[in-house]
Asker: 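Got a structure here, written out as structure tokens. Questions coming.
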Amino acid sequence: MAIARCPSFVIDCPDPQALAGFYGAILDWEIQESAGEDEQWVDLRPADGGNCISFQRLEGYRAPDWPGQDRPQQMHLDVMVQDLDAGERAVLELGATKTEEQPGESFRVFLDPVGHPFCLCRSEDSARIPAEG
């Protein structure tokens, strides 16, 4: 029996609204309206509301140092795509940066606009991934 359900990831950043917009564009998820004028926290959810990525303002935010470990990444997101080249073009247009070090062939490592590493991974099961358009 599960102790909990509907996990959420919380990502520290300097501007929650902007970073939620970046990931919202990648995933086609919607930014959820806050109950107040809270610029400290933003939730991002898919249309079915089942998952959540939250973004929390951190004053003095310092980006992880990837692949170095002076400031470790601690966590990162892997998102699945049907076509790595098309996915790469799309995330670069949104403001991602491709890292110089690329340790694999079935995935590509990028930094989001505030420096968090994330990976685009070629989907093994492309039927589960929406067609890119």
Side-chain angles (χ1 to χ4, degrees):
M1 177 200 261
I3 294 171
R5 56 191 174 105
C6 297
S8 171
F9 291 95
V10 179
I11 299 175
D12 291 342
C13 60
D15 183 345
Q17 188 75 29
L19 197 57
F22 172 80
Y23 282 105
I26 290 174
L27 299 169
D28 194 27
W29 288 13
E30 296 291 324
I31 293 174
Q32 301 296 295
E33 295 300 322
S34 301
E37 295 293 321
D38 188 6
E39 295 179 1
Q40 303 300 314
W41 188 276
V42 173
D43 290 330
L44 185 66
R45 293 185 184 275
D48 70 8
N51 296 315
C52 183
I53 302 172
S54 299
F55 301 86
Q56 173 177 265
R57 182 180 309 281
L58 178 65
E59 298 303 325
Y61 169 80
R62 292 178 46 199
D65 177 27
W66 189 90
Q69 293 299 307
D70 290 336
R71 290 184 312 275
Q73 64 179 323
Q74 300 181 8
M75 59 141 302
H76 71 275
L77 296 176
D78 285 347
V79 293
M80 304 299 156
V81 295
Q82 287 181 341
D83 181 318
L84 285 173
D85 293 331
E88 178 175 327
R89 284 190 299 274
V91 299
L92 292 174
E93 286 178 16
L94 292 170
T97 303
K98 187 175 181 180
T99 63
E100 192 172 310
E101 184 165 331
Q102 294 294 319
E105 294 184 17
S106 64
F107 64 95
R108 295 187 187 155
V109 183
F110 298 86
L111 303 177
D112 70 22
V114 299
H116 297 108
F118 72 96
C119 297
L120 294 183
C121 304
R122 185 174 32 240
S123 173
E124 300 276 329
D125 181 8
S126 62
R128 292 181 25 201
I129 306 302
E132 296 168 8

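Please read these numbers as outputs of a predicted model, since none were measured by experiment. Just so you know, residue 1 is the first one in the sequence shown, and it goes up from there.
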Asker: Test of understanding: clusters of I, L, V, M, F, W, Y form through side-chain heavy atoms closer than 4.5 Å, transitively. Do I26 and V42 belong to the same one?
Answerer: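 Yes, same cluster.
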
Asker: Counting only pairs under 3.5 Å, give me each side-chain donor-acceptor contact of residues 62-71, with atom names and distances, residues two or more places apart or in other chains.
Answerer:
residue, atom, partner, partner atom, Å
Q69, NE2, P67, O, 3.4
R71, NE, A63, O, 2.7
R71, NH2, A63, O, 3.2

Asker: Linking I/L/V/M/F/W/Y whenever their side-chain heavy atoms sit closer than 4.5 Å, directly or via other members, would M80 and V109 fall into one cluster?
Answerer: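 Different hydrophobic clusters.
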
Asker: Are the side chains of V114 and Y61 in touch, meaning some heavy atoms are under 4.5 Å apart?
Answerer: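 A side-chain contact exists here, since the closest heavy-atom pair is under 4.5 Å.
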
Asker: Is S54 close to W41 at the side-chain level, that is, under 4.5 Å between some pair of heavy atoms?
Answerer: yes

Asker: Does atom CD (Q102) have a neighbourhood of more than 12 heavy atoms from anything else shown, all under 6.0 Å?
Answerer: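 Yes.
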
Asker: Identify the heavy atoms of R45 and W29 that sit nearest to each other, and give their distance.
Answerer: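 Closest pair (atom of R45, atom of W29, distance): O-CB, 3.3 Å.
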
Asker: Going by side chain to side chain donor-acceptor pair (under 3.5 Å), name the residues that satisfy it together with D15, two or more places apart in sequence or in a different chain.
Answerer: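 Partners of D15 by the side chain to side chain donor-acceptor pair (under 3.5 Å) criterion come out as none, since no residue qualifies.
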
Asker: Hey, are the side chains of C13 and H116 touching, using non-hydrogen atoms and a 4.5 Å cut-off?
Answerer: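 Side-chain contact under 4.5 Å: yes.
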
Asker: Count the heavy atoms belonging to other residues, nucleotides or ligands that lie under 6.0 Å from CD of E105, then report whether that count exceeds 12.
Answerer: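 Counting other residues, nucleotides and ligands, CD of E105 stays at 12 neighbours or fewer.
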
Asker: List the steps, then state whether side-chain contact (heavy atoms from CB on, under 4.5 Å) holds for F55 with V10.
Answerer: CA-CA 6 Å; F55 301 86; V10 179; over 6 Å; no

Asker: With a 3.5 Å distance limit and no angle check, can you tell me whether R57 reaches the backbone of P16 through a side-chain donor-acceptor pair?
Answerer: no

Asker: Quick one, I31 and D43 - any side-chain contact, counting heavy atoms below 4.5 Å?
Answerer: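 Side-chain contact under 4.5 Å: no.
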
Asker: If we only count heavy atoms from C-beta on, is the L19 to P113 side-chain gap below 4.5 Å?
Answerer: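 Yes, close enough: below the 4.5 Å cut-off.
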
Asker: Output side-chain donor-acceptor pairs under 3.5 Å for residues 84-98, partner residues at least two apart or in another chain, one line each.
Answerer:
residue, atom, partner, partner atom, Å
D85, OD1, R108, NH1, 2.9
D85, OD1, R108, NH2, 2.9
E88, OE1, K98, NZ, 3.1
E88, OE1, R108, NH1, 2.8

Asker: Which residue pairs pass the ring pair (Phe, Tyr, Trp, His ring centres under 6.0 Å) test with at least one member in residues 71-104, sequence neighbours excluded?
Answerer: none

Asker: Group every Ile, Leu, Val, Met, Phe, Trp and Tyr by side-chain heavy-atom contacts under 4.5 Å, then state whether L58 and L44 land in the same group.
Answerer: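 The answer is yes; both residues are in one hydrophobic cluster.
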
Asker: According to the ring pair (Phe, Tyr, Trp, His ring centres under 6.0 Å) rule, which pairs have a member within residues 86-113, sequence neighbours left out?
Answerer: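 Only F110-F118 qualify under ring pair (Phe, Tyr, Trp, His ring centres under 6.0 Å).
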
Asker: With the side chain counted from C-beta on, respond yes when D78 and L120 share a heavy-atom pair under 4.5 Å apart, and no when they do not.
Answerer: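 Sidechains of L120 and D78: no contact.
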
Asker: Which residues satisfy the side chain to side chain donor-acceptor pair (under 3.5 Å) test with Q56, sequence neighbours excluded?
Answerer: D12

Asker: Looking at side-chain heavy atoms only, is the closest gap between I53 and L77 below 4.5 Å?
Answerer: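 Side-chain contact under 4.5 Å: yes.
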
